[in-house]
Amino acid sequence: MARRERGKGYAGAVAIVAGATAISAILQRHSESSDLTMLYLLGVVISAIAFGRGPAIATALLSVAVFDFLFVPPRFTFRVSEARYLVTFVVMLVVAVITGTLTARLREQRERALLRERRIASLHRLSHDLALRSGSGEVLEAAVGRIGELLGIRAAALVPDGRGAATLAAGDPGVLEADPERAAAQWALIHGRPIGFPYGVPPGVRGLHIPLVAGTKVNAVLSLSASNPQALLDPERMEMIRAFSSLTALALERCRLADDTRQFQTQVETERARSALLSSVSHDLRTPLAAITGAASTLRDEASEIGEVARRELADTIWEEAERLNRLIGNLLDMTRLESGTLRVKKEWHSLEEVVGASLTRLEPELAGREVHVSLAPDLPLIPMDDVLFEQVVRNLVENAHKYSDARRSIDIRAAIEREELRLEVADRGVGLATGEEKRVFEKFYRGSRAATRPGVGLGLAICRGVVEAHGGTIVAANRPGGGSLFTVRLPLEGTPPPVECEDASDPPA
Amino acid sequence: MKDPVKRSPGTPALVLVIEDEGAIRRFLRAGLEGQGYHCVEAGTGGEGITQAATRSPDVILLDLGLPDLDGLAVVRRIREWSGIPIIVLTARGQERDKIDALDGGADDYVTKPFSMPELLARMRVALRHRTRAGSDPETSVLEFGNLRIDLARRRVSVGDAPVQLTRIEYRLLTTLARHAGRVLTHEFLLREVWGPAYTDQHHYLRVYMAQLRHKLEPDPGRPRLLMTETGVGYRMAESPRSV
């Protein structure tokens, strides 16, 4: 490449001399020979600027020779009749050397500046690129890609696996095909020092392996391999590689810290959820158990003289508290099934009227005659849903409304089709939601700030959300205009229900 | 309610309880004997089948979660030679097991935890159907509150008002009414009303049940008569549930 460039320079020198000669040939009738030397000098300067020092000197030498041969008497010989032409020759040579050297230096400086600029630009691009990545895998992928592309070499990144062995995380696996390369990468990972061709070569290693270090920890190893290992020795490239690897190391460390923080947060949250679960579950299990144990022990104590009314009350207590336990355990099981993903939604075409009706029938003992106003659009089609699960959603929502509102006000259930979706609303005139609670009420074990006085663990709405989402729908809570809370479930309709063969409506029973 | 069906005048009905949990057996025995039934207990499926054959009980209460045999297998074994009413005791969330047991020949189910009155109501229905099975099937008029079904004349009325039903609506209603108090699975109803080719067309039932409710129930959104057993089937209430 460089050789061809140089060849081009000398060819240019010849061309310039030829040009100067052509112009001189035209001008010689009207000009002094000293004017013609100026033309040749101009050629030397142009050559120096365009091609550098060597071609400039070549231009000067060639110019002297041609000028002597063609224009200095005796013409067409290299002999010189007048001494002053010798001075001209020397001046031409000196000018050529000086301008050539100066312009060549300028050129070098410009080239170096350009190179630096390119390097800074690519570093900038890399750091920008790395800043956008959130995982260490992505960071390594981006770094390896950029480095390989910019330096025209093959690159790979390795990270320690569970037992500390270097394993490929990104890049070209070919870099580590040979055993010595893998061993060198492993060495770099363990010792945290670069190893490879430019750093004293272990036998057989042709690549370069740079540990990406943060503090004392080696997060990864960058392995580079060029088809010509000498190329890695170029100081410019080495500097570039060093800059790249320290950028990558920084980005990697940032990811690791972010991961750590995230993991820590998750751990804290899991821990918090677990202890919330334990405390609320043990409280909610113990309270009914205590009531049952107490009531039962009173009933079985032969010494106590309790009347028929008290006996009945105790039996009622046992019954009600056992029901409560049953519901709690049911909710816990459902939540577990939802979270473990073992809950399977079996969708069939169902009538919402029927599902709502079944929920209300099931809740009758609890609602104890409370007014529930159901208003379903008359043209509701069959809706794809899992009836068992969705009945529970309706039940939990109504139960929730019942629990947190005045029993004298009605609970309202409305449903209609809206933009290819079923919209089901359950609303009450109760205490409503505190600001910012609209999302939190669906978190498990979250008890609304206004719910503390009522029994419950905070699973009912979490189960609703789980089931609705498993159906591909959404559920939101809001304060109802005019007071109370409003829960809205939306379910996708997913096509039209299958047809039902028609009978003649006037057909009498036969 | 205090008068269980007698096997023959003066002899209380005999109940076979097949259940491995001692605590459940204990309260069943106490509750049943308190109502005038006699109890025989079996702790395993194998023992239950033997007892069913040797003691010829009037009704069997069968837990589906037995240690030795699948409850469903016990239902099938007993059904090979006997039509004794079987009520299965199941846990929550086992809709598939309930359906399988019902389609396998069980008469009804209760879900644990259940109340004694609930169980007794199911047992009475099962026993009544057994005694009715022998007698004249053409009990010509069935009444449920103010719903009147005249089977001989194929007339249906609510109060004094006659109700026009389509052929299929009528067939669905009479199928439910003939088994009043018992849960009928979707498959059973589809087979009885539409025919064996329709047993997986559950949406037919949803559409026709809605139509029937709109014609017969004062508030179809909160049925009192045509009850849904979610995930399993439908049940016609023996007498309309009070509002």
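Each chain gets a letter, A, B and so on, in the order the sequences are listed, and its residues count up from 1.
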Pick one of side chain, backbone, both or neither for A:Asp386, based on which atoms fall under 4.5 Å of a heavy atom in chain B.
neither
Applying a strict 4.5 Å limit to non-hydrogen atoms, the region of A:Pro498 in contact with chain B is both
Do A:Glu354 and B:Arg206 pass the side-chain contact (heavy atoms from CB on, under 4.5 Å) test, and can you show the C-alpha distance, the side-chain angles, and the key distance before you say yes or no?
CA-CA 8 Å; A:Glu354 184 169 273; B:Arg206 314 247 144 79; 4.0 Å; yes
A:Glu353-B:His214 side chain donor-acceptor pair, cut-off 3.5 Å:
yes
Nearest-0.5 Å distance that lies between atom NZ in A:Lys346 and atom CD in B:Glu95:
7.5 Å
For A:Asp387 and B:Gly231, work out which heavy atoms get closest and say how close.
OD2-N, 3.1 Å
Honestly, the part of B:Ser115 sitting under 4.5 Å from a heavy atom of chain A is both
Taking side chain as everything from C-beta outward and backbone as N, CA, C, O, which of these in B:Arg155 sits under 4.5 Å from a heavy atom of chain A? Side chain, backbone, both or neither.
neither
Using heavy-atom distances under 4.5 Å, tell me whether A:Glu391 contacts chain B through its side chain, its backbone, both, or neither.
side chain
Counting only non-hydrogen atoms closer than 4.5 Å, does A:Val372 touch chain B with its backbone (N, CA, C, O), its side chain (CB onward), both, or neither?
both
For residues B:Val207 and A:Leu382, determine if any side-chain heavy atom of one lies less than 4.5 Å from a side-chain heavy atom of the other.
yes
Measure the shortest side-chain to side-chain distance between B:Arg222 and A:Thr361 over non-hydrogen atoms and say whether it is less than 4.5 angstrom.
no
Within a reach of under 6.0 Å around CZ of A:Arg370, are more than 12 heavy atoms found that belong to other residues, nucleotides or ligands?
yes
Does a sphere of radius 6.0 Å around CG in B:Asp160 hold more than 12 heavy atoms from other residues, nucleotides or ligands, not counting ones at 6.0 Å or beyond?
no
Closest approach of B:Pro223 and A:Gly357, non-hydrogen atoms and distance?
CD-CA, 4.3 Å
Sidechain-backbone polar pair: B:His203 side chain, A:Pro499 backbone, donor-acceptor under 3.5 Å
yes
Could you tell me whether A:Glu420 atom CD has more than 12 heavy atoms of other residues or ligands within 6.0 Å of it?
no
